[in-house]
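See structure below.
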Amino acid sequence: MHLTIDGRVVEAVPGQTVLEAARAAGIYIPALCYHPKTGKAGRCRACVVEVEGLRGLKESCALLVKDGMVVRTDTPKVLQTRRMIVELLLSEGHHNCISCQSNADCELQEMAYHLGIERPSYLVESLPTPKDMSSGGIVRDSDKCIQCGRCVVACQHGVVNQVLSFAYRGSHAQVVCDDDQPMGESTCVQCGECVQVCPVGALVLKQPLENKIRPHETTATKVTCPYCGVGCQIDLHTKDNRYAFAMAHEGQWDRQPNKGMLCVKGRFGLDYIDSPDRLRSPLVRKKGKLEKASWDEALDVVAKGLKAIQEKHGPDAVGFFTSAKVSNEENYALQRFGRALIGTNNIDHCARL
Amino acid sequence: MITKLIEKKIEKIAARYPDRRSALLPAFHLVQRESGGFVGHDHLIAIAKIIGVPVSEAYGVQTYYTMFRREPVGKYHLQVDTNIPAMLAGAEEIVTHLEQALGIQVGQTTPDKKFTLSTVECLASCGTCPVIQVNDRYYESMTKERTDALLASLRRDKMPDMPVETHFHTECNVLLARRGLPNATDIDVYLETGGFQGLERALQMSPAEVIAEVKASNIRGRGGAGFPAGVKWGFLAKDTGKPIYLVCNADEGEPGTFKDRQIMQYDPHLLIEGIVISGYAIEASLGFIYIRGEFAWIANILERALEQARNKGFLGKNILGSGFDFDIVVHLGAGAYVCGEETALIESLEGKRGNPRLKPPFPAVIGLYGSPTIVNNVETLASIPFIVERGAKAFMEFGEANNFGPKIFGISGHVNRPGVYEYPLGTPLATLLDAAGGVVGQLKAVIVGGLSVPILTAQEAEGLVMSYDDCLKKGTMLGSGGIMVLNETASIPKVALRAIRFYAHESCGQCTPCRQGSRTISELLAGIVAGRGTRKDIDLVLKLCDSIKGTTLCPTGEAFAVPIEAMVTKFRSEFESLVS
Ligand SMILES: Cc1cc2nc3c(=O)[nH]c(=O)nc-3n(C[C@H](O)[C@H](O)[C@H](O)COP(=O)(O)O)c2cc1C
Ligand code: SF4
Ligand code: SF4
Ligand code: SF4
Ligand code: SF4
Ligand code: FES
Ligand code: FES
């Protein structure tokens with residue numbers, strides 16, 4: 001099936017929205033409330049387009065493609081609407097990109113950039129709201145919230161933790177945790193899903209914020225979460241080869257194993273890789289003190305120790321506990337070692353937790 | 001904690017709905033009424049648990065509706081409506097008078113916790129403004145003297161009875177036929193005066209025949225949009241395997257509108273008959289009356305009438321031996337204008353925040369509980385008995401082509417006899433103004449269809465005929481038929497400011513242009529009215545109105561952008577005289 005967008009013939013599949021078809025063809029349509037994970041919401045109105053034969057403006061995030069449809073994203077009314085949306089959203093909160101954690105990683109800023117808007121032509125006076133820093137991993141800055149609702153849908157229906165909701169009405173509407181508790185005192189489990197979908201700087205991770213690292217400075221490497229057996233796909237963001245923060249792997253939202261979601265461990269628990277406490281070489285206790293040793297030396301100590309216990313107390317006095325942080329092959333080898341060499345079935349694994 | 005008794009009551013309410021979540025608003029009403037006038041943290045958690053919704057969502061719902069409170073209020077909560085008809089009738093002075101008499105400001109409670117003073121939006125009594133709602137009760141046509149009498153009585157802990165004189169007249173004897181009859185809310189009076197004959201006739205017809213008759217009458221929806229009712233019924237999704245619901249829209253929130261109330265308060269059986277006939281026609285399994293929360297006392301009138309109708313076999317199982325089963329649930333809103341919009345109403349009825357839904361799908365395909373649903377206004381449904389009993393032809397004897405039938409016009413503002421007047425569609429505005437005792441002073445402007453339609457200057461209103469088509473031709477809309485009359489003393493910038501404050505207060509907040517656009521226009525107009533504005537601000541208001549039109553999720557954005565634009569454009573010099 002084909003449609004024409006701004007004079008360009010574009011391929012589309014039935015069931016696709018105009019927005020999806022446009023994006024697949026590399027045509028820019030801003031969309032602040034739609035996210036592939038949370039679906040259409042019709043809230044931001046940024047994505048409106050004109051369609052031949054249809055009256056008025058249509059939300060491209062909700063409009064299904066039809067063969068032969070003629071869409072325009074560049075008419076004066078569409079551009080006037082986009083400008084108004086950006087100006088209203090900028091005037092609604094307190095946006096100062098210069099020191100915003102999401103600078104250069106913000107969908108509102110991107111939209112303003114496309115339209116060449118530096119500052120809104122009107123401002124509504126309001127007092128700044130203090131940031132909610134109460135949570136261990138997430139900072140909420142309601143002055144940057146554009147009410148898109150992605151986080152609410154994600155928390156209620158994506159990860160089903162049911163913490164976030166819209167409260168109040170009109171321009172007083174805001175996202176709250178439970179019955180308006182600070183996030184750190186709410187039922188939030190810090191999965192970070194809300195941060196993952198937030199288009200602006202209203203929900204950000206505390207780790208990079210505290211370390212003064214912004215997303216545009218980092219490099220993402222796709223890794224597998226070392227914590228449990230699910231094996232979530234993670235984009236590990238690093239700066240100068242050091243840990244910055246972790247996000248679920250972008251883009252493949254419908255792909256197993258984690259469909260772009262993480263739990264608190266994968267989201268916040270990977271900073272150990274740069275920890276000064278991390279063991280970087282074997283240590284052997286000598287006269288009550290741990291001292292650096294070579295692998296040969298350390299393995300000798302282990303072998304001797306295991307053998308002594310086995311001889312004195314029998315093989316079942318030894319147990320093995322292995323880890324999801326190493327590969328399947330290594331886990332297999334350890335299990336073989338336990339059963340065949342030591343002769344015990346006392347073998348367990350952290351993924352069982 | 002919530003007592004076992006209240007919990008039982010909530011369970012009983014929940015059983016009335018196909019989905020128990022619908023009991024969320026009733027539960028808030030109940031707990032608020034029975035435990036101190038507010039619902040705090042502990043009670044909220046208990047309610048959420050009983051209904052089975054997350055605390056976060058219950059809180060989101062509670063804080064959406066203005067009638068639900070998180071904090072206690074005084075023993076007597078005085079709520080003065082200050083919308084435009086009230087403003088024209090002197091509500092501002094009543095507010096000042098109350099502030100002085102009570103020694104508190106709006107929003108405050110007296111130290112003895114006896115009185116709390118609030119201002120609220122239109123209470124759908126615009127013909128008898130100013131209105132003070134005390135707890136659940138309306139006190140209408142308030143003057144300073146009557147306010148003093150009210151306060152004196154409340155200080156003695158007595159809710160006084162204060163009679164009001166209302167003005168009404170009917171040329172058609174269809175919708176207001178029983179207005180003025182003693183005991184007209186009683187089913188015996190209704191039956192003696194020809195009631196339920198339409199239903200009897202309908203039950204002898206097939207549902208398709210009833211729909212055909214309604215279609216033939218060309219009746220257009222009286223809720224505001226004027227969409228032909230028969231055509232809407234024809235859009236119902238067929239053979240979905242799901243039940244069909246009929247919802248009567250009794251939200252009556254459009255400022256200047258107080259017509260549906262006349263039917264429900266004075267002739268409830270007419271509405272019930274209309275709903276049962278319509279339910280039969282569309283083969284609905286259950287009907288709802290979604291009535292605004294401030295009308296709790298009218299809801300009681302309806303409940304009593306429903307009980308009488310059930311006892312006489314007009315409602316319930318096997319109605320009049322026809323084999324048709326149908327019942328009606330009365331559901332109270334809780335203070336939210338946007339819940340009059342049909343998809344917001346459905347969300348609200350489902351126990352959610354009243355956020356309008358994206359269309360399509362339309363309710364006739366996916367509506368209440370995901371089922372095909374028809375939403376019709378009170379006045380539309382109350383016209384159905386006449387159409388079915390007397391036939392489409394008789395109905396079309398009222399009015400003119402494309403604009404048939406009787407219509408209740410509510411006239412408020414600067415007229416001598418504000419009130420409700422039932423006239424055929426197509427009646428000249430001048431005739432209606434005469435019926436309402438004529439304009440007080442010199443006519444300056446008129447808003448003919450509720451606040452959401454463009455204002456007309458006196459000159460533009462000359463020769464206007466009150467039909468959907470003529471209003472459109474003259475650049476406005478018939479809307480709900482709520483006519484607000486403004487004389488030379490009215491300041492249009494002040495009217496515009498009050499209007500946009502209403503929309504900013506009522507915006508559901510979902511979409512950017514309405515949420516933030518209404519707030520921005522409100523700030524700009526406030527500056528202009530206060531003498532702080534500039535010429536540029538006037539242009540900005542116009543630019544915003546123009547940009548907002550056609551961009552919002554539901555019609556509310558247009559409902560303020562168009563009228564504000566009209567006020568500023570048509571009375572620009574008045575705005576300019578206020579700015580530097
Ligand atoms: C913001 C808004 C408020 C509305 N309020 C009401 C109302 O209070 N009562 C009503 O009947 N219709 C109201 N409507 C219109 C309804 O959406 C709907 O069109 C109507 O109930 C259909 O009934 P009808 O076809 O019989 O007129 C409102 C619409 C909007 C956009
Ligand atoms: S949220 Fe976006 S637009 Fe707002 S200050 Fe941050 S970067 Fe700028
Ligand atoms: S971190 Fe997870 S649980 Fe907490 S609010 Fe965000 S989405 Fe909900
Ligand atoms: S916090 Fe972010 S995701 Fe949530 S509504 Fe605000 S802008 Fe949207
Ligand atoms: S136009 Fe206003 S009321 Fe309607 S959905 Fe948008 S914000 Fe809500
Ligand atoms: S992306 Fe379509 S309305 Fe927000
Ligand atoms: S009831 Fe007073 S303004 Fe409508």
Side-chain angles (χ1 to χ4, degrees), chain A residues 32-33 40-46 48 55-57 59 61-62 64 77-78 80-81 83-93 120-126 146-149 152 155-156 160-181 186-187, chain B residues 40-41 44-45 48 53-66 70 335-336 338 353-360 503-524 536-537 540-541 543-544 546-554 557-558:
Chain A
L32 298 175
C33 67
K40 63 181 179 188
R43 298 180 66 103
C44 72
R45 321 303 296 166
V48 291
R55 239 187 54 211
L57 298 164
E59 316 88 354
C61 65
L64 294 179
K77 183 70 185 168
V78 168
Q80 181 186 359
T81 305
R83 289 193 77 84
M84 167 186 68
I85 301 292
V86 171
E87 298 205 89
L88 287 175
L89 289 175
L90 288 175
S91 76
E92 181 168 42
S121 43
Y122 36 81
L123 275 171
V124 176
E125 292 292 322
S126 64
I146 57 167
Q147 314 268 334
C148 71
V152 172
C155 185
Q156 290 285 345
V160 203
N161 287 322
Q162 305 183 322
V163 182
L164 298 179
S165 172
F166 275 112
Y168 311 99
R169 189 171 83 192
S171 60
H172 300 288
Q174 64 183 67
V175 177
V176 297
C177 302
D178 296 337
D179 59 338
D180 208 356
Q181 304 294 331
S186 75
T187 54
Chain B
H41 175 80
L44 173 86
I45 299 212
V53 292
V55 171
S56 53
E57 285 201 354
Y59 183 77
V61 168
Q62 181 188 25
T63 54
Y64 181 92
Y65 297 95
T66 48
R70 289 282 290 176
V338 167
R353 292 164 64 79
N355 288 348
R357 294 178 179 170
L358 271 172
K359 293 185 203 176
Y503 292 101
H505 181 258
E506 297 300 330
S507 164
C508 82
Q510 268 193 111
C511 63
T512 315
C514 174
R515 176 184 72 242
Q516 185 61 10
S518 61
R519 179 178 172 212
T520 309
I521 296 174
S522 181
E523 302 266 324
L524 290 167
K536 212 180 118 225
D537 293 340
L540 255 176
V541 169
K543 171 104 191 287
L544 269 169
D546 182 55
S547 304
I548 290 166
K549 277 187 282 175
T551 63
T552 51
L553 193 159
C554 90
E558 217 122 76

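Just so we're on the same page: letters track the sequence lines, and every chain starts at 1.
Taking each heavy atom of A:Gly42 and B:Cys511 in turn, the nearest pair found is O-CB, 4.2 Å.
For B:Ala58, no part lies near chain A; criterion is any non-hydrogen pair under 4.5 Å.
Of the listed residues (B:Ile548, B:Val61, B:Val338), the greatest number of heavy-atom pairs within a distance under 4.5 Å of chain A belongs to B:Ile548. Chain B forms more heavy-atom pairs under 4.5 Å with one residue of A:Val176, A:Thr187, A:Asp180 than with any other, namely A:Asp180. Interface check for chain B: of the options A:Val48, A:Ile146, A:Leu123, A:Ile85, the most heavy-atom pairs under 4.5 Å are formed by A:Ile85. Counting heavy-atom pairs closer than 4.5 Å to chain A, the top residue among B:Ile45, B:Thr512, B:Leu540 is B:Thr512. When each of B:Arg70, B:Lys536, B:Gln62 is scored by its heavy-atom pairs under 4.5 Å with chain A, the top score falls to B:Arg70.
With contacts defined as side-chain heavy-atom distances shorter than 4.5 Å, the pair B:Glu523/A:Ser91 does not qualify. Looking at B:Arg515 and A:Glu92, their side chains come closer than 4.5 Å, going by heavy atoms from C-beta outward. Contact of the A:Phe166 side chain with the B:Tyr59 side chain is not registered, since no non-hydrogen atoms from C-beta on lie closer than 4.5 Å.
Around the NZ atom of A:Lys77, the shell of radius 6.0 Å holds more than 12 heavy atoms that belong to other residues, nucleotides or ligands.
Pairs engaging residues 165-178 of chain A under the salt bridge (charged side-chain N to carboxylate O under 4.0 Å, His left out) rule: A:Arg169-B:Glu506 [sequence neighbours left out].
For A:Arg45, the side chain to side chain donor-acceptor pair (under 3.5 Å) partners two or more places apart in sequence, or in a different chain, are A:Glu59.
Counted by atom type alone, B:Ser547 and A:Gln80 present one or more donor-acceptor pairs between their side chains at under 3.5 Å.
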